Every structure is written in C-alpha cells, then in structure tokens.
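Please read these numbers as outputs of a predicted model, since none were measured by experiment. Position 1 is the first residue of the sequence; numbering continues from there. These numbers come from the heavy atoms of this one structure, side chains and all, not from hydrogens, waters or symmetry mates.
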Amino acid sequence: MPKNNIQENKSFTKFRTFMYQKRMALGMSQTDLAKAIRRSENDKVDRNFINKIENGKKGINFDTMTRILNALQSDISFTEN
C-alpha cells in the first residue's frame with residue numbers, strides 16, 4: 001500500500017519545483033520570498049519555512065500556496081490527467 005506522505009504527492013512535487021525555479025528566475029532569495037508572503041511583521045514565515053516547502057519537508061494550505069504564487073507573479077492552472 002503506498003504511503004500518503006507529502007514527499008510522494010506528484011502535484012506538490014510539481015508545485016515546489018515550479019516554486020524554486022520561478023523564485024530563482026526572479027532572482028529572489030528564500031528570505032525575499034518569505035518576506036513577500038508574510039501577512040504581518042509578526043508572521044513567523046522565514047527562510048527556513050520556504051526551505052522546508054521547497055525540500056518537501058513541509059506541506060502548505062491553499063492560502064499559503066496562493067500567497068506564494070502571488071509573490072512569484074504567477075497563477076495556477078489545472079489539467080486533466
């Protein structure tokens with residue numbers, strides 16, 4: 001029976017790969033991206049948070065995904081498998 005963990009989710013793997021590549025294309029550091037997606041100065045989003053997402057060690061919810069996409073000047077589209 002396959003494990004249901006975040007590292008084996010193909011959609012999340014595609015997202016985090018896109019996130020890394022787009023961040024690099026924009027010349028953003030992980031710290032830059034973390035600052036861009038904070039909701040306030042007290043928000044605990046930092047470089048380590050972004051690093052964990054990009055390395056598949058932390059999952060995210062739709063709100064966080066939306067904030068990341070906005071910061072990366074990107075949108076999301078859906079296709080059928």
Problem set entry | Backbone N/O of V45 and side chain of R38: donor-acceptor pair under 3.5 Å | yes
For this session: State, to 0.1 Å, how close A71 and L26 come at their nearest heavy-atom pair, and which atoms those are.
Result: O-CD1, 4.5 Å
For this session: Find out whether F49 and K44 are in side-chain contact, i.e. whether some heavy atom of one side chain is under 4.5 Å from a heavy atom of the other.
Result: no
For this session: List the steps, then state whether side chain to side chain contact (heavy atoms under 4.5 Å, CB included) holds for N51 with K57.
Result: CA-CA 8 Å; N51 184 273; K57 298 182 191 257; over 6 Å; no
Problem set entry | Charged N-O contact under 4.0 Å between R39 and D63 | yes
Problem set entry | Side-chain heavy-atom pair L69, M19 within 4.5 angstrom cut-off | no
Exercise. Can you tell me if OH on Y20 sees more than 12 non-hydrogen neighbours from other groups inside 6.0 Å?
Worked result: no
Which donor-acceptor pairs under 3.5 Å do the side chains of residues 72-80 make with protein atoms, sequence neighbours left out?
residue : atom : partner : partner atom : Å
S74     : OG   : L72     : O            : 2.9

Exercise. Can you tell me how far CZ of R16 sits from CG of N55, rounded to the nearest 0.5 angstrom?
Worked result: 7.0 Å
Problem set entry | Backbone N/O of I60 and side chain of T64: donor-acceptor pair under 3.5 Å | no
Exercise. N70 and I37: side chain to side chain contact (heavy atoms under 4.5 Å, CB included), yes or no, with the steps?
Worked result: CA-CA 8 Å; N70 287 338; I37 69 169; over 6 Å; no
Exercise. With sequence neighbours left out, which residue pairs that include part of residues 18-32 fulfil the salt bridge (Lys or Arg N to Asp or Glu O under 4.0 Å) condition?
Worked result: R23-E54
Problem set entry | Partner residues of N48 under the side chain to side chain donor-acceptor pair (under 3.5 Å) criterion, sequence neighbours left out | none
For this session: For side chain to side chain contact (heavy atoms under 4.5 Å, CB included), just list the numbers for I53 and F12, CA-CA rounded to whole Å, side-chain angles, deciding distance to a tenth of an Å, and then say yes or no.
Result: CA-CA 9 Å; I53 295 168; F12 184 68; 4.0 Å; yes
